[in-house]
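The next block holds one structure in the form of structure tokens; read it before the comments.
Per chain, numbering begins at 1; letters A, B, ... match sequence-line order. We use all heavy atoms of the structure for the numbers below, so side chains are in, but hydrogens, waters and symmetry mates are not.
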There are 2 protein chains.
Amino acid sequence: MLTIGTLGKKTGTKVQTIRYYEQIGLMPEPGRTEGGQRRYGDGELDRLSFIRHSRQLGFSLEAIRELLDLSDNPKRPCHEADVIARRQLDQVDQRIARLEALRKELKRMVHECSGGISSDCRVLEVLRDHSECLTNHDEIGA
Amino acid sequence: MLTIGTLGKKTGTKVQTIRYYEQIGLMPEPGRTEGGQRRYGDGELDRLSFIRHSRQLGFSLEAIRELLDLSDNPKRPCHEADVIARRQLDQVDQRIARLEALRKELKRMVHECSGGISSDCRVLEVLRDHSECLTNHDEIGA
DNA sequence: TGCAAACCTACAGTCACTTGACACTTAAAG
DNA sequence: CTTTAAGTGTCAAGTGACTGTAGGTTTGCA
């Protein structure tokens with residue numbers, strides 16, 4: 001039987017985050033001691049590991065909810081998990097593409113900064129005038 | 001004299017976002033019509049363009065506040081803008097590196113999915129067991 | 001038994017917006 | 001000059017995924 005702190009350490013999750021997952025129904029309500037403290041078993045450890053690993057791969061909590069559901073019902077078609085993962089892969093691809101455009105732009109900016117006073121600063125100049133951009137980064141780079 | 005909507009169109013910003021920028025002191029309080037509607041001039045257009053362009057390059061609103069300050073005081077050393085830009089560049093580099101690791105992992109996952117029922121799903125299996133990962137993606141992939 | 005460390009609840013704060021409700025203003029068409 | 005639709009106003013709350021704080025309680029060990 002694990003305390004919430006131990007579970008946190010084993011999965012690399014902050015205590016508050018575990019309680020948060022419970023609150024939004026991603027983690028089940030665990031057993032409690034007489035004094036009211038949470039105690040976890042292996043099932044919960046596995047579930048939290050699944051959640052954290054999925055988060056590290058960039059899945060949203062909503063996507064994880066679906067994936068957990070799939071995992072809980074082994075007869076459902078694998079195809080659904082595949083769709084979610086592919087969607088995620090697409091998003092990652094897009095993000096990388098955008099970030100690379102930004103990187104190029106930033107690098108150019110920084111490279112051209114002469115180090116004088118800010119009225120002559122290339123960095124500020126580029127920010128001021130979008131037309132100086134080599135790339136058209138329409139969407140936000142996050 | 002531009003309405004808030006026109007300003008929004010010219011800069012690719014939602015009306016609410018412009019009001020939000022005003023609220024947090026990033027945009028100045030503009031002049032108003034008798035009826036109380038905001039009217040903007042070219043100074044504000046430039047300022048908002050600067051903000052939006054910086055956002056597209058991934059700068060936080062706090063960083064943008066500093067950059068605007070620098071831009072408003074042309075005698076301050078350019079070096080400060082350079083530091084902010086370099087910091088941003090470092091962050092972008094790190095994000096790209098992390099996303100590429102995730103991409104690899106996701107690709108492998110999706111590739112190995114056979115399409116049967118979810119109890120045999122490679123996607124779910126990988127999510128369940130972190131030890132199957134080729135990479136150690138410690139930080140969140142966002 | 002004493003005590004520190006870990007736990008509890010409840011709520012506020014973060015970031016960068018977005019959405020909603022509801023009322024008022026403006027510009028153009030008729 | 002009136003109507004009307006589109007646009008604008010304020011204020012408040014919601015989003016995602018947590019993080020942090022305050023103030024009190026429980027646990028496990030010496």
Please determine whether a side-chain nitrogen of the Lys or Arg among [X] and [Y] lies less than 4.0 Å from a carboxylate oxygen of the Asp or Glu.
| X | Y | result |
| --- | --- | --- |
| B:R65 | B:D69 | no |
| A:R122 | A:E125 | yes |
| A:R19 | A:E22 | no |

Which residue lies more 5' along DNA chain C, comparing B:R52 with B:E34 via nearest heavy atoms: B:R52

[X] side-chain proximity, nearest of [options]:
| X | options | value |
| --- | --- | --- |
| A:R19 | C:dC7, C:dC17, D:dG20 | C:dC7 |
| A:T17 | C:dT18, C:dT9, D:dT19 | D:dT19 |
| A:Q16 | D:dT19, C:dA16, D:dC18 | D:dT19 |
| A:R39 | C:dA27, D:dG20, D:dT27 | D:dT27 |
| B:R55 | C:dA16, C:dT9, D:dC18 | C:dA16 |

Measure [atom1]/[X] against [atom2]/[N] and give the value in whole Å, please.
| X | N | atom1 | atom2 | answer |
| --- | --- | --- | --- | --- |
| A:Q56 | D:dC18 | CD | P | 11 Å |
| B:I24 | C:dA16 | CD1 | C1' | 8 Å |
| A:I51 | D:dA17 | CD1 | P | 12 Å |
| A:E29 | C:dT9 | CD | P | 10 Å |
| B:I18 | D:dT10 | CD1 | P | 13 Å |
| B:L26 | C:dC17 | CG | C1' | 13 Å |
| B:Y21 | C:dC17 | OH | C1' | 8 Å |
| A:M1 | D:dT26 | CE | P | 21 Å |

Neighbour count above 12 (heavy atom, 6.0 Å) for B:D72 CG: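 Enclosed: over 12 neighbouring heavy atoms sit under 6.0 Å from CG of B:D72.
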
Side-chain touch B:L2/B:K10, heavy atoms, less than 4.5 angstrom: yes

OP1 or OP2 of [N] less than 4.0 angstrom from a side-chain nitrogen or oxygen of [X], does that happen here?
| X | N | answer |
| --- | --- | --- |
| A:K14 | D:dG20 | yes |
| A:S60 | D:dG16 | no |
| B:T33 | C:dT25 | no |
| A:R32 | C:dT9 | yes |

Describe the nucleic acid contact of [X] in one word from base, sugar-phosphate, nothing, applying a heavy-atom distance below 4.0 Å.
| X | result |
| --- | --- |
| A:I4 | sugar-phosphate |
| A:F59 | nothing |
| A:R38 | sugar-phosphate |

Any side-chain donor near an acceptor of the partner, B:R52 and B:Y21, under 3.5 Å: yes

Earlier contact from the 5' end, DNA chain D, for A:Q37 and B:G5: B:G5

